[in-house]
There are 2 protein chains.
Amino acid sequence: MAGRPKTKSETSAKYEQRKLEVLRAAARTFNRLGFHIATLDDVAEELGVTKPALYYYAKSKDEILFACGQLALDALQGALETSGEEELSGLDRLTRFFRLYAAIICEDFGRCLVLSEPRDLATRSRKANVSGRRALNLAVRDMIRDGIEDGSIRPCDERVLAIALFDAFNGLGRWFDPKGALELPAIIDRYLDIFIGGIAAR
Amino acid sequence: MAGRPKTKSETSAKYEQRKLEVLRAAARTFNRLGFHIATLDDVAEELGVTKPALYYYAKSKDEILFACGQLALDALQGALETSGEEELSGLDRLTRFFRLYAAIICEDFGRCLVLSEPRDLATRSRKANVSGRRALNLAVRDMIRDGIEDGSIRPCDERVLAIALFDAFNGLGRWFDPKGALELPAIIDRYLDIFIGGIAAR
DNA sequence: CTTGTTTTTTACTGTCCAGTAAGTAGAATA
DNA sequence: TATTCTACTTACTGGACAGTAAAAAACAAG
């Protein structure tokens, strides 16, 4: 009947695919208008359907926002594993990670993650979201600590550095425009250059 | 009658003082709950009055948000003038400015400025707000350019550096907690240290 | 082509909240 | 002590929007 409960464990691939389209339309709409200003009618319009159709794939606006953020967090978790694999210095791993981070954050779901605040979510979703964010933060702190130990990173307060990096790169998700003058890789290079080398002349 | 139009040019000092209390209560409430989630009833409660009392001092929620941001922008404009006065290197002026910037951004109105997005404002207010922000951005770019010319700052893309600095320091307004482990001046020192010296070991 | 299932529609409800109308307690002024 | 302004209050309105109910398409499968 409702199609959603679907106790038949394997929800069809088609359903999952369509759900992803729904979430992407939602993310784009939230990013364009802001989560609170965007209505589900706006989201539906972006996708070319009417509002109630969305409720076939999610049961609240909150759940949609959460799912979008979760997709981004999953991608970032993947980036974390990718950058940690090889035997690199802490600084190199940090650099690799933030390259991937920047790329993800400039995609639909990544932007949605950084543009939304945990407090926009209901209690349950919020907890999961915050713990995902915290995991990333801790992993980055670890990289920094490793880098300080292996001598690739100048001794510093790893909490503060981690936050500064995240805040600076998150900003990218706010203002980066694919149609702007600078290509994303060029911007990333400059960001990393600023952080790695510092701004003071030698 | 309405008390507000007050064609008698000089609005009483008492009125202006109370208006500031209203705006401060609004800023604190917006910062605590988020602008869209916070209702004017919440703001009124924070101040210990009822909602319509607020309309004695402002004619819309939008105007309140705008006024809060404007107070912060005025303070920041002042900081800009303060840091530009003396004959210092570009790097020193930049450093001085971001010290002041951080302090302002961690106050009620400053936090309100960075936590609110221009798109939350109505067209007219938004234009004024954006132009205020842009003026700051341009002034900082100038400092950077001066610093590069006078040899205190390593050559770099001044637009990108300005954005990275603003984004990183704006983050401060989001997470800084006066009751946290680190005092604000200590955090500012570490931020500046990271940016000035870079994170790579020598 | 008929029966069942998936997907989406039209039409509606309930609530929340910005903003308004009208009146009132208290202070200042005459 | 009447009058006028200031600074609010109580009581309300209108519209927007998340979410629901029920029916209708669209699509399969026998």
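Letters go in sequence order (proteins before strands), and every chain restarts at 1.
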Next item on the list: Tell me whether the OP1 or OP2 atom of dT7(C) has a side-chain N or O from Y56(A) closer than 4.0 Å.
Entry: yes
Notebook entry, point to check: Which heavy-atom pair separates K51(A) from A44(A) by the least distance, and what is that distance?
Noted result: N-CB, 3.5 Å
Next item on the list: For each nucleotide in nucleotides 9-17 of chain D, reading 5' to 3', give B when a protein heavy atom comes within less than 4.0 Å of its base, S when such contact involves only the sugar-phosphate, and - otherwise.
Entry: BBB-----S
Margin query: Output the rounded distance in Å from NE2 (H36(A)) to P (dA18(C)).
Written below: 13 Å
Check: For the pair made of CD1 in I64(B) and P in dC17(C), what is the distance, rounded to whole Å?
Finding: 15 Å
Check: Salt bridge check: are R18(B) and E21(B) linked by an N-O gap of less than 4.0 Å?
Finding: yes
Margin query: Near DNA chain D, counting only heavy atoms under 4.0 Å, which residues of residues 20-32 of chain A show up?
Written below: none
Check: When the ring centroid of F97(B) is compared with that of F169(B), is the distance short of 6.0 Å?
Finding: no
Below 3.5 Å, can you tabulate the donor-acceptor pairs from side chains in residues 178-201 of chain B to any protein atom, sequence neighbours excluded?
unit_1, atom_1, unit_2, atom_2, d
D189(B), OD1, R99(B), NH1, 2.7
D189(B), OD1, R99(B), NH2, 3.4
R190(B), NH1, D157(A), OD2, 2.4

Next item on the list: Kindly point out which of dT8(C), dG19(C), dA18(D) is positioned nearest to the side chain of Y55(B)?
Entry: dG19(C)
Next item on the list: Send over the distance from E45(B) CD to dC17(C) P, rounded to a whole Å.
Entry: 13 Å
Notebook entry, point to check: To the nearest angstrom, how far is Y15(B) atom OH from dC5(D) atom C1'?
Noted result: 14 Å
Notebook entry, point to check: Please give, in whole Å, the distance from dA28(C) C1' to K14(B) NZ?
Noted result: 10 Å
Next item on the list: Write down the distance between OH (Y57(B)) and P (dT6(D)), rounded to a whole number of angstrom.
Entry: 11 Å
Next item on the list: Taking the side chain as every heavy atom from C-beta outward, state whether L113(A) and R133(A) have any atom pair closer than 4.5 Å.
Entry: yes
Checklist line | Member of L121(B), N129(B), L23(B) meeting the side chain to side chain contact (heavy atoms under 4.5 Å, CB included) criterion with L65(B) | finding: L121(B)
Checklist line | N170(A)-R174(A) side chain donor-acceptor pair, cut-off 3.5 Å | finding: no
Next item on the list: Would you indicate whether the side-chain heavy atoms of F35(A) and L115(A) approach each other to under 4.5 Å?
Entry: no
Next item on the list: Could you check whether A44(A) gets within reach of a base, just the sugar-phosphate, or nothing at all, counting any heavy atom under 4.0 Å?
Entry: nothing
Next item on the list: Grab the CG-C1' distance between D42(B) and dA18(C) for me, whole Å please.
Entry: 13 Å
Next item on the list: Could you check how far NZ of K19(B) sits from P of dT6(D), rounded to whole Å?
Entry: 15 Å
Item checked: Short side-chain N/O contact from R18(A) to OP1 or OP2 of dT8(C), under 4.0 Å -> yes
Check: Is R145(B) salt-bridged to E158(B), going by a charged N under 4.0 Å from an acidic O?
Finding: yes
